[in-house]
Protein chains: 2
Amino acid sequence: MAEKKAVLLNFWGVAVSSRPHAVFHKMEELHNLPGGFLSSVVSQKDSAMSRADRGEMTLSQMIPVFEAECVKEAQVRAVTLPSDWSVGHLLEELRGAMKEVQPAVLKAAASLRHSGLLTAVLANHWLDDSASGDTAARLLALLGGHFDLVLQSCRSGHRVPEPAMFSSALQHLGVTSQQALWLDADEEGVKAAEGAGMKAILVENLHDALHRLGSFTGVQAVGTQSPPPACSPDEVSHGYVTIRPGVTTHYVEMGSGPPVLLCHGFPESWYSWRYQIPAVAAAGFRVLALDMKGYGESTAPPDIQEYSQEQLCKDLITFMDKMSIPQVTLVGHDWGGMLVWVMAQYYPERVRAVASLNTPLFPVDPSVTPAEKLKSVPIFDYQLYFQKAGVAEAELEKDLERTFKIFFFSSDEAATRPPISTAGVCARGGLFVGLPEQIPRSSMLTEAELQYYVSQYKERGFRRPLNWYRKGEANWKWMCSRPTGKLLIPALMVTAGKDQVLLPAFSKGMEDLILNLSRGHIEDCGHWTQMERPAETNSILISWLQQTHEKTGGVTMTPKL
Amino acid sequence: MAEKKAVLLNFWGVAVSSRPHAVFHKMEELHNLPGGFLSSVVSQKDSAMSRADRGEMTLSQMIPVFEAECVKEAQVRAVTLPSDWSVGHLLEELRGAMKEVQPAVLKAAASLRHSGLLTAVLANHWLDDSASGDTAARLLALLGGHFDLVLQSCRSGHRVPEPAMFSSALQHLGVTSQQALWLDADEEGVKAAEGAGMKAILVENLHDALHRLGSFTGVQAVGTQSPPPACSPDEVSHGYVTIRPGVTTHYVEMGSGPPVLLCHGFPESWYSWRYQIPAVAAAGFRVLALDMKGYGESTAPPDIQEYSQEQLCKDLITFMDKMSIPQVTLVGHDWGGMLVWVMAQYYPERVRAVASLNTPLFPVDPSVTPAEKLKSVPIFDYQLYFQKAGVAEAELEKDLERTFKIFFFSSDEAATRPPISTAGVCARGGLFVGLPEQIPRSSMLTEAELQYYVSQYKERGFRRPLNWYRKGEANWKWMCSRPTGKLLIPALMVTAGKDQVLLPAFSKGMEDLILNLSRGHIEDCGHWTQMERPAETNSILISWLQQTHEKTGGVTMTPKL
């Protein structure tokens, strides 16, 4: 077994590029104080700031004591403090510096964790009781989402680089000092860590330092494309709403802010958004990732009529009503994409904005029946095969693991795998006909992730998910009967260059149907966009969400990973 | 059995005082159009507005057609439309009028539903696809929270007062026309309803009309104090977060907006906030009503050490971390009140604001042990009795129904019930010693509500809830060891005049500990504030929440019930 390893880093100088002494220096220059004035106040034994760092006093208790210490130091040095001198200004500078978390560090942390290493950030922070907004809280949330441990000095009672701070962190992580690496921009910290038995890297240039991590950890933390953090089923909140007797909606929830509903496609799970949920939450939104009707823990009767778009919309509105959420931003993929477009058209007052991955908004044509439409597009033949209740169920349920191994593959794996064609399915008598028994698992997902999908279909199988395909005629009639103008709410269409069914070309002309359409495109991406290109998906989605919700882009606390 | 009865009312003229024709008249005067100009445009067969009302076109489709109709009408009448004429202005007026829902109507609806009547509001509304904010959505949410049915003409395909609109509503409600009463400010609507077999009241003066409801329904809908709407366990969303193996937090969630965590006391449940949850949600907040650790579905080990304030705080922070909620506003009652004060002091950066019902912020006195403190206050004697594991459990678990009948009573019932004293409990050998076997159920709660409490204690009993009382020494030592300045975040203290244990006098001096303290006081209220005085509790809480979160008070869509 690989030896357990951990990477610990100093918040000041590494997670953020600033160091308090640099801020002191800046303030000294600004206020014409002698160089080293503030550093010497702060570094005195039991200075207010070091006591606040150790959690012996709160920020608001520290301020007057710190002020007094400055006055005393000025007397000793026979210096006159400027009339506009205030510790408050200094604290604001420090607070501002705390927000500038370096995206490269978060990215490196993600890579390390993805490879099984433990990560920690150690921070000399005071207890902020100043009621000055949520900066400190958001910082903690951001760091907490990327590191296994965020240890603040005001909670541990010890400051970086005191030996007790290191040993406290190592104990929390369950590693020995020999298993741990320390990153610090201060030589003093590097020496202290080495003294405590750790290896240490002096960070002079962040990029170089992160490169050097590789030789210790065996993990290349920069330059490689590792996926952003994913959430795990055991670690998230699971919510349940009874829509009506026999129909329950299950959702996973994360974050605080404007609500964003994620609607997955066929044959998937809320879990298909595992890379998006933490990222969208960290960007300041409240994510609700649904198990769509009939999937996973969202239970519903097996009857086909339960799965018309009209009924699915009504159920989603009931979900919002029971949650008392007036408006949401909807994000869908595949069948979930279809549903969010329909919601935006028929319940526009409940939709703040709408985004779809892969699935375009198809105009409704009253002159062509859905059956004719399907027949006219050869790659849609599998949908005709899905029509007869029981047939596709039997094929897809026969070996759940094989089914998901066949479905899930990335665009660059397509060439090396047995080809699966969605055309000619009826003629060859099955979607999987002619495929070998043994199919490799895609590198897009781990064995545990694959097994999670399998587990979600063990109890109720594919009947309900397949029913989504079986109300085409009713859906078409219903849509033809409803008035729709041009869509006026903000919309985003993300196309995937290598999707073999939902071709980017299908999205042509959407500008005629939508007034305010943004677009994203991921060229080297197949159908399973959220897991094949999680970083790009997050980046496109979050930047659109922030624009749409008029959030300023200047929040470096929510870097695009 | 009482005959099923329903009260239906017209949105225009009853739920809101405005009627479209009054708005038309106003616009005619403003733009120097002949009287009746707009009414005649709109009332033409298949006019754009009537088609939009019937859902045959959306709002954005209606606008150009309506404009053209005005131009045509002007030609017919040989009138010149003013240069600044625009249908947009008229629609803004109508949209503004839609927001002014009359609090008396919502209050009456609450009274009627509380007495078992069905309620509905019928509205001639267009499908708002104009991406003009969330006004329409919030209106629907508000009405949906107060009426059994909100039927919009654009969804039903029929307008008020068309017979099909009435029959559609009656069918949804499952009542006959003879069982239904119609309220309308238009004579035409009254006549149509009577023609459809309903009784009808012409609303000339709202107050008088609501009074007259009584003779039809047998329910006095005005002048009486009926409680605000309560949520039911089956109708709300239930969420579950695993804090760590063996510790799960269960919560009920409703609403969208800044998160507000509700923390109940001993021996209660999330359900103790049933009157607050819908009201706070309707006021624009996201409510999370927790089962506190060890209660109901929030499971945890039975060990006493799990229930120290230090551990309870850590678990609450873990809950917030896993939900990715940086900051919350905390509201507590009884032991929940204690916890929210402690959270505000020791985790101030995670608390946006803090409110407590009944429980004051007690200053920590390092010179007096908790045991000495308890001994010095005779009414706290029950807490000494609660110390020994197993003793109080046996007494409280013996007959759960009787236990809750003894605990829950209102201040005005106190005089007529066997007295329960929290003093001298140790000496008399039990809290309930000397009380009769048969105890009446308080009128504060229904039999079903009482049974819900009983159900929440059936499986795991009182051991865990009682453990909250058993870490006094550890709590005191921990608090003495932590620095606390004056509390700077906004705070609210609500005292209850007739609470026999948490006396209002205990809250004296809190201004010395808290910079920004608001106060509320409910004189005729005992310990169970949320259910004894739900309307007053909601009013105090919501007005403070809105002030604290800088929400404008001018939102008539969220009247204080």
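Small disclaimer: the values here were computed from a predicted structure and weren't measured. So that the names make sense, note that chain A is the first sequence line, chain B the second, and so on, each numbered from 1.
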N-O pairing of Asp128(A) and Arg95(A) below 4.0 Å: yes
Side chain, backbone, both or neither: which part of Asp321(A) has a heavy atom under 4.5 Å from chain B? neither
Show the numbers, then the answer: is there a side chain to side chain donor-acceptor pair (under 3.5 Å) between His549(B) and Thr329(B)? CA-CA 10 Å; His549(B) 291 78; Thr329(B) 291; 3.0 Å; yes
Looking at Asp134(A) and Arg350(B), does any basic side-chain N land under 4.0 Å from a carboxylate oxygen? no
Pick from Leu487(A), Leu488(A), Thr248(A), Ile243(A) with the largest number of heavy-atom pairs that fall under 4.5 Å of chain B: Leu488(A)
For chain B, which candidate among Gly133(A), Ser481(A), Ala353(A) shows the most heavy-atom pairs at distances under 4.5 Å? Gly133(A)
Heavy-atom contact with chain A under 4.5 Å, split by part of Leu127(B): side chain
Residues Asp315(B), Arg244(B): salt bridge by 4.0 Å N-O rule: yes
Side chain, backbone, both or neither of Cys154(A) within contact of chain B (heavy atoms, under 4.5 Å): backbone
Between Trp478(B) and Tyr346(B), how do the two ring planes meet: parallel, tilted or perpendicular, split at 30° and 60°? tilted
Shorter than 4.5 Å, heavy atoms on both sides: which option in Gly485(A), Ala131(A), Gly255(A), Ala141(A) has the most such pairs with chain B? Gly255(A)
Top contributor to chain B interface from Ser237(A), Gly145(A), Gly239(A), Pro278(A) [non-hydrogen pairs under 4.5 Å]: Ser237(A)
Test: Glu253(A) and Arg286(B) ion pair at under 4.0 Å: yes
Which atoms of Ile489(A) come close to chain B, meaning under 4.5 Å heavy atom to heavy atom: side chain ones, backbone ones, both, or neither? both
According to the salt bridge (charged side-chain N to carboxylate O under 4.0 Å, His left out) rule, which pairs have a member within residues 144-156 of chain A, sequence neighbours left out? Arg113(A)-Asp148(A), Arg155(A)-Glu349(B)
Taking every non-hydrogen pair under 4.5 Å, which of Gly144(B), Gly55(B), Ala344(B) racks up the most with chain A? Gly55(B)
Chain B contact via Arg482(A) - which portion, at a heavy-atom distance below 4.5 Å: side chain
Heavy-atom pairs under 4.5 Å with chain B, option from Thr484(A), Val287(A), Val236(A) with the top count: Thr484(A)
Between Pro259(A) and Leu288(A) the two heavy atoms that sit nearest each other are CB-CD1, 4.0 Å
Measure distances from Glu56(A) to the heavy atoms of chain B and classify the residue's part below 4.5 Å as side chain, backbone, both or neither. backbone
Please state whether the rings of Phe319(A) and Tyr251(A) are parallel, tilted or perpendicular, taking 30° and 60° as the class boundaries. perpendicular
Pairs of heavy atoms under 4.5 Å with chain A: top-ranked of Lys486(B), Arg352(B), Gln345(B), Lys322(B): Lys322(B)
